[in-house]
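Treat the numbers as computed from the prediction; the structure is a model and nothing was measured.
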Amino acid sequence: MMKRIITMAYLIQKRLLKKPSFIIILLLIPLAVISVMTVAKKEATFLKIAVYPGNSEDKSLKSVISNILEHEDVIDFEFFEDAATAKNAVAYGKADGAWIFPANFEDSITKFVNNPSSNEELIEIYYQEENIPTKLSNELLFGSVFPEIAKKIYLNYINNDLKLKDKFSEEELLNIYDRINTGDKIITFVDADGEENPKTEYLISPVRGVLSIFIMISAFASAMYFYSDSNMGAFTVMPKKRRLFLLLCSVFFGAFDCAAVSFISLCFTPLFTSFGIELFSLLLLVLNVSAFSAFFSVLLAKPERIGVFSVFMSLFVFAFCPIFFSFKVPVIQSLLPQTYYLNAYAANSLIFELLLFSGYLISTVSFFFLAERIRKK
């Protein structure tokens, strides 16, 4: 019995891997992942700022630059050696804005703290246009500069208002100041559980959903190959019940091959959780998609119909499952296997979602074995 199963699996795999269209589907998977990862890496920032750092030896300025560079995940900073070049980058559309720091930044802060009503300019800011991103960048810049201003205000108050200049050195006072936690990052990205995640992970999060669509397409493609072979008389002598089982196996191995390539591709993305969880959830997806695809393939029973339906179903999954966006229609979403697979990673209870996934599998397999009767009626 086992030998027959192994032989059947070998023959199905051999038949699939001889189909050029199936090989193209498998090759498109890593290509799609690489493309999304590349775009996510390039488009991780929403603003480009040209920066003229003034006197790079200025201690206060070094601290400010260090603060703003903590936000490179949302703003792309480009440094220039002179202010004119930084301004020209904005004028010619090479940057969204420019931040021009003075040559003596620390002296400028000191003058401002000593006389807040003065017209002392700390930073010159240039933008192509004022919009939401530029306003957010202003808040980020202020949050990066304010600690240095607060430090000078603190020293001014201790030395001049409290008259403690002779009792404590500036170094001792700054040590006390540095112990104070001034707060967290201005911009953070968190998931539904409140755990912090890098922004690029959100940009590549659709990868898992896209791969699940590829797995479904592979399953439908395998069903098309099966019916093409059947129309040419390949299974004429085989009883109908065995043909149904062979169809299910063909669809399963088509989805399985695609899932194997998807698993390897996911290993190279930040979305990968753990070997056990990824393997188990993908196996459940393959089983569900196989039963789902085989059910509709039996109802359609012709390669051309299955091909058209697979395109329609891919668009349907794209619209109603949480890939890039989704229309909130719970009744429709509960009928699609990808919903359970994607929700398993988004939900607080992974085990609960996987149990729902298993229940869906039992339902789809039952419907598959009733498919022939449904088609006749």
### Message
Do Leu282 and Ile215 have side chains that approach each other closer than 4.5 Å (heavy atoms only, starting at C-beta)?
### Response
yes

### Query
Can you tell me how far CG of Leu47 sits from CD1 of Ile132, rounded to the nearest 0.5 angstrom?
12.0 Å

#### Entry: Side chain to side chain, Ser310 and Ile217, heavy atoms closer than 4.5 Å
no

### Common cluster, Phe268/Val210, ILVMFWY with side-chain heavy-atom separation under 4.5 Å
no

### Query
Within a reach of under 6.0 Å around CZ of Phe316, are more than 12 heavy atoms found that belong to other residues, nucleotides or ligands?
yes

### Hydrophobic cluster membership, Ile49 vs Tyr126, 4.5 Å side-chain cutoff
no

### Minimum heavy-atom distance Met224-Gly307, with the two atoms named
SD-CA, 3.6 Å

### Message
Are Leu287 and Ser290 packed together at the side-chain level, in the sense that at least one heavy-atom pair is separated by less than 4.5 angstrom?
### Response
no

### Query
Closest approach of Gln128 and Val90, non-hydrogen atoms and distance?
NE2-O, 3.1 Å

### Query
Pick from Ile68, Val64, Asn67: which one makes a side chain to side chain contact (heavy atoms under 4.5 Å, CB included) with Val145?
Val64

### Task
Supply the atom-to-atom distance Leu16 CG to Ser250 OG, rounded to the nearest 0.5 angstrom.
6.5 Å

### Task
Using the six-membered ring of Tyr225, assess whether NZ or CZ of Lys19 lies under 6.0 Å from its centre and within 45 degrees of the ring axis.
yes

### Message
So, using ring-ring contact (aromatic ring centres under 6.0 Å, His included) as the criterion, who are the partners of Phe309 when residues are at least two apart?
### Response
Phe220, Phe296

### Summary
Connected to Tyr92, directly or through other members, by ILVMFWY side-chain contacts below 4.5 Å are none

### Task
May I ask you to decide whether Lys48 forms a salt bridge with Glu78, counting only side-chain N to carboxylate O separations under 4.0 Å?
yes

### Query
For Tyr10, does the OH atom sit with more than 12 other heavy atoms under 6.0 Å from it, leaving out its own atoms?
no

### Query
Would you call Tyr340 and Leu285 a side-chain contact if the rule is heavy atoms closer than 4.5 Å?
no

### Message
Can you confirm whether or not the ring centre of Trp99 sits under 6.0 Å from the ring centre of Phe77?
### Response
yes

### Message
Between Glu278 and Thr273, is there a side-chain donor-acceptor contact under 3.5 Å, judged purely by atom types and distance?
### Response
yes

### Query
In Å, rounded to the nearest 0.5 Å, how long is the span from CG of Leu284 to OH of Tyr341?
10.5 Å

### Query
Are Phe245 and Leu247 linked, directly or through other ILVMFWY residues, by side chains that come within less than 4.5 angstrom of each other?
yes

### Task
Examine the side chains of Asn231 and Ser228 and answer whether a donor and an acceptor come within less than 3.5 Å of each other.
no

### Query
Can you tell me how far the CG atom of Leu140 sits from the OG1 atom of Thr134, to the nearest 0.5 Å?
12.5 Å

### Task
Flag the pair Asp82 / Phe80 as yes when at least one side-chain heavy-atom distance between them is below 4.5 Å, and no otherwise.
no

### Message
Tell me whether the rings of Phe253 and Phe256 are parallel (<30°), tilted (30 to 60°) or perpendicular (>60°).
### Response
perpendicular

### Task
Could you please spell out the steps behind the side chain to side chain contact (heavy atoms under 4.5 Å, CB included) verdict for Met313 and Phe292?
CA-CA 11 Å; Met313 188 54 64; Phe292 179 86; 3.9 Å; yes

### Query
Do Ile65 and Phe79 have side chains that get closer than 4.5 Å, going by heavy atoms?
yes

#### Entry: Value rounded to 0.5 Å, distance of CD1 in Ile306 from CZ in Phe226
9.5 Å

Anything under 3.5 Å between a donor and an acceptor, one on a side chain of residues 257-266, the other on a protein residue two or more places apart or in another chain? List them.
from   : atom 1 : to     : atom 2 : distance (Å)
Asp257 : OD1    : Gln13  : NE2    : 2.8
Ser262 : OG     : Cys258 : O      : 2.8
Ser265 : OG     : Val261 : O      : 2.9

